[in-house]
Enquirer: 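First the structure, which I've put down as structure tokens, then a few questions once you've had a look.
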Amino acid sequence: MALLELKEITKAYIEKGKYFSVIDEIDLVVKEGELVVIVGPSGSGKSTVVRIAAGLVSPTKGQVFYKGQPLPGPNPNASIVFQNFALIPWLTVQENIELVLEARGIPPRQRIRTALKYIDLVGLDSFEDAYPRELSGGMKQRVGFARALAVEPEILFMDEPFSSLDVLTAADLREEFLKLWTSGKLSIRSVVMVTHNIEEAILMSDRIVVLSARPSKVVGEIEVSLPRPRDTHSKEFESILDHLYALIVSSHISK
């Protein structure tokens with residue numbers, strides 16, 4: 001069943017009296033149980049697509065549907081993990097997580113239980129009272145994941161969540177997230193992720209959606225059915241990598 005559907009989504013701005021198009025009639029369907037990754041050249045509007053899909057940004061044209069119904073605004077069943085952590089520096093780890101629960105109207109005692117549950121789930125047990133300045137980049141992003149998961153969303157959006165981390169930390173966090181995703185411990189029914197790292201796209205996804213250069217269109221989709229954990233040195237992985245790279249390059253040249 002389609003959980004999320006974008007139909008003929010266009011996003012444009014007026015700049016100095018000129019019509020400036022970022023996204024041009026994009027169609028996208030995200031089914032239940034899918035982890036979909038969006039890739040494309042720099043500036044192709046990948047993050048804009050995610051924000052429109054989550055209901056945070058209105059399209060110039062087109063319609064977003066969630067469970068078959070038009071999405072009129074921010075999706076209450078969605079949550080986002082951002083690239084830049086977006087933690088409030090004067091709040092502790094637990095307080096940063098409780099803040100989003102408070103915004104959802106969760107009672108205080110339940111907020112505490114839920115925050116502690118997800119702090120433990122992402123491997124930050126005993127760091128409840130730490131402040132962001134006391135955490136490494138990887139730990140800050142764990143807080144970002146805990147905060148996004150704590151509201152128990154049906155669909156999770158991730159906007160380049162590992163790009164600010166060093167290579168080893170990013171690899172560890174990717175692996176841990178995939179274990180959680182496949183374990184059935186989360187409320188999440190589908191995931192939509194943006195990345196500029198094409199190896200990461202293959203490591204993470206069930207399906208990859210490729211955008212062209214701006215104004216972006218969907219120029220291809222690749223199903224990734226390799227068993228997890230995935231071997232980046234396997235012939236199958238390298239074949240998908242070559243195909244994906246060729247799609248991105250050809251779409252950029254054609255523009």
Side-chain angles (χ1 to χ4, degrees), residues 4-30 34-64 71 74-75 78-86 137 141 144 148 155-167 170 173-174 190-222 224 240-255:
L4 174 72
E5 189 171 3
L6 278 62
K7 288 189 174 181
E8 299 181 349
I9 294 295
T10 294
K11 184 62 180 178
Y13 301 92
I14 303 297
E15 190 173 294
K16 296 181 180 179
K18 293 184 178 181
Y19 186 83
F20 179 73
S21 182
V22 179
I23 300 166
D24 186 21
E25 295 191 352
I26 281 181
D27 292 321
L28 175 66
V29 174
V30 178
E34 272 194 312
L35 198 164
V36 177
V37 176
I38 301 172
V39 301
S42 179
S44 60
K46 300 184 293 294
S47 295
T48 302
V49 171
V50 162
R51 282 159 173 73
I52 290 173
L56 300 180
V57 173
S58 298
T60 305
K61 296 178 183 177
Q63 182 71 64
V64 179
L71 187 66
N75 188 340
S79 192
I80 300 184
V81 178
F82 297 98
Q83 174 183 351
N84 61 356
F85 314 136
Q141 193 58 303
I155 185 165
L156 179 68
F157 296 97
M158 302 197 291
D159 189 0
E160 299 197 25
F162 310 109
S163 63
S164 297
L165 307 176
D166 65 82
V167 173
L173 200 49
R174 270 196 302 267
S190 299
V191 179
V192 179
M193 181 178 122
V194 165
T195 183
H196 63 270
N197 183 329
I198 59 176
E199 281 199 2
E200 179 176 88
I202 302 168
L203 283 167
M204 296 286 292
S205 68
D206 297 308
R207 181 162 54 96
I208 302 171
V209 177
V210 183
L211 301 185
S212 69
R214 190 175 63 236
S216 60
K217 294 178 176 288
V218 175
V219 294
E221 295 190 7
I222 300 174
V224 184
I240 296 172
L241 185 65
D242 290 344
H243 183 194
L244 180 55
Y245 182 76
L247 263 178
I248 294 172
V249 171
S250 63
S251 68
H252 186 69
I253 291 173
S254 67
K255 289 285 181 175

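Index from 1, following the sequence.
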Enquirer: Which pair of non-hydrogen atoms, one from Ser216 and one from Ser44, has the smallest distance, and what is that distance?
Expert: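 Between these two residues, the closest heavy atoms are OG-O, 2.7 Å.
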Enquirer: With side-chain contact (heavy atoms from CB on, under 4.5 Å) as the criterion, how do Val218 and Leu28 come out once you've worked through the C-alpha distance, each side chain's angles and the decisive distance to 0.1 Å?
Expert: CA-CA 8 Å; Val218 175; Leu28 175 66; 5.6 Å; no
Enquirer: Looking at Pro59 and Lys11, what are the two nearest heavy atoms and their distance?
Expert: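 Closest approach of Pro59 to Lys11: CA-CD, 4.3 Å.
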Enquirer: Under a 4.5 Å cut-off applied to non-hydrogen side-chain atoms, are Asp159 and Arg51 in contact?
Expert: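 Yes - at least one pair of side-chain heavy atoms lies under 4.5 Å apart.
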Enquirer: Measuring only between side-chain heavy atoms, which start at C-beta, is Met193 closer than 4.5 Å to Pro161?
Expert: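 Touching, per the 4.5 Å side-chain cut-off.
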Enquirer: Without swapping roles, check the side chain of Asn75 against the backbone of Ala54 for a donor-acceptor pair under 3.5 Å.
Expert: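 Between the backbone of Ala54 and the side chain of Asn75 there is no qualifying donor-acceptor contact (under 3.5 Å).
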Enquirer: Let me confirm one number: the CD1-OG distance from Ile198 to Ser205, rounded to the nearest 0.5 Å.
Expert: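 If we round to the nearest 0.5 Å, Ile198:CD1 and Ser205:OG are 11.5 Å apart.
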Enquirer: To the nearest 0.5 Å, how far apart are CG in Leu203 and CZ in Phe162?
Expert: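 The CG atom of Leu203 sits 10.5 Å away from the CZ atom of Phe162.
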Enquirer: So, do Leu211 and Ile26 sit near enough that their side-chain heavy atoms are less than 4.5 Å apart?
Expert: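 Yes - at least one pair of side-chain heavy atoms lies under 4.5 Å apart.
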Enquirer: Tell me whether Lys46 contacts the main-chain N or O of Pro41 through its side chain, where contact means a donor paired with an acceptor under 3.5 Å.
Expert: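 At least one qualifying donor-acceptor pair exists.
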Enquirer: How far does OG of Ser42 sit from NE2 of His196, to the nearest 0.5 angstrom?
Expert: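 Answer for the OG-NE2 pair, Ser42 versus His196, is 9.0 Å.
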Enquirer: Using salt bridge (charged side-chain N to carboxylate O under 4.0 Å, His left out) as the criterion, list what pairs up with Glu160, not counting sequence neighbours.
Expert: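 Here no residue qualifies.
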Enquirer: Of all residues at least two apart in sequence or in a different chain, which pass the salt bridge (charged side-chain N to carboxylate O under 4.0 Å, His left out) check with Glu221?
Expert: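 Salt bridge (charged side-chain N to carboxylate O under 4.0 Å, His left out) check on Glu221 returns Arg207.
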Enquirer: Shortest non-hydrogen contact from Phe82 to Gln141?
Expert: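 So the minimum-distance heavy-atom pair works out to O-NE2, 2.9 Å.
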Enquirer: What distance do Leu244 atom CG and Ile208 atom CD1 have between them, rounded to the nearest 0.5 Å?
Expert: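 It is 5.0 Å, given to the nearest 0.5 Å.
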Enquirer: Look only at the side chain of Thr60 and the backbone of Ala12, and say whether a donor-acceptor pair between them is shorter than 3.5 Å.
Expert: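 Pair found, side chain donor or acceptor close to backbone of Ala12.
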Enquirer: Could you tell me the separation between the CE atom of Met158 and the CD1 atom of Ile38, rounded to the nearest 0.5 Å?
Expert: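 One gets 11.5 Å once the value is rounded to the nearest 0.5 Å.
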Enquirer: Between Ser212 and Lys217, is there a donor-acceptor pair closer than 3.5 Å when you use the side chain of the first and the backbone of the second?
Expert: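 Checked: pair present.
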Enquirer: Got a second to check how far Asp206's CG is from Ile222's CD1, nearest 0.5 Å?
Expert: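 It is 13.5 Å, given to the nearest 0.5 Å.
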Enquirer: Going by the rule side chain to side chain contact (heavy atoms under 4.5 Å, CB included), which residues pair with Lys7 if we only count those two or more places apart in sequence or in a different chain?
Expert: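 Glu5, Asp27, Phe65.
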Enquirer: Between Val192, Leu156, Ile155, Leu56, which is the residue that forms a side chain to side chain contact (heavy atoms under 4.5 Å, CB included) with Ile80?
Expert: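 Of all the options given, the one that passes is Leu56.
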Enquirer: I'd like to check Ile52 versus Ile23 (side-chain heavy atoms, cut-off strictly below 4.5 Å). Are they in contact?
Expert: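 Heavy-atom side-chain distance check passes, below 4.5 Å.
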Enquirer: Test Val194 against Gln83 for side-chain contact (heavy atoms from CB on, under 4.5 Å), laying out the working first.
Expert: CA-CA 10 Å; Val194 165; Gln83 174 183 351; over 6 Å; no
Enquirer: Identify the two heavy atoms, one from Gly220 and one from Leu247, that lie closest to each other, and give their separation to 0.1 Å.
Expert: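 Here Gly220 and Leu247 meet closest at CA-CD1, 4.3 Å.
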Enquirer: At their closest point, which heavy atom of Leu35 faces which heavy atom of Met204, and how far apart are they?
Expert: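 Distance-wise, the nearest heavy atoms are CD1-O, 3.4 Å.
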Enquirer: Locate the shortest heavy-atom distance separating Gly43 from Arg214; write the atom from each residue and the value.
Expert: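 Distance-wise, the nearest heavy atoms are O-NH1, 3.2 Å.
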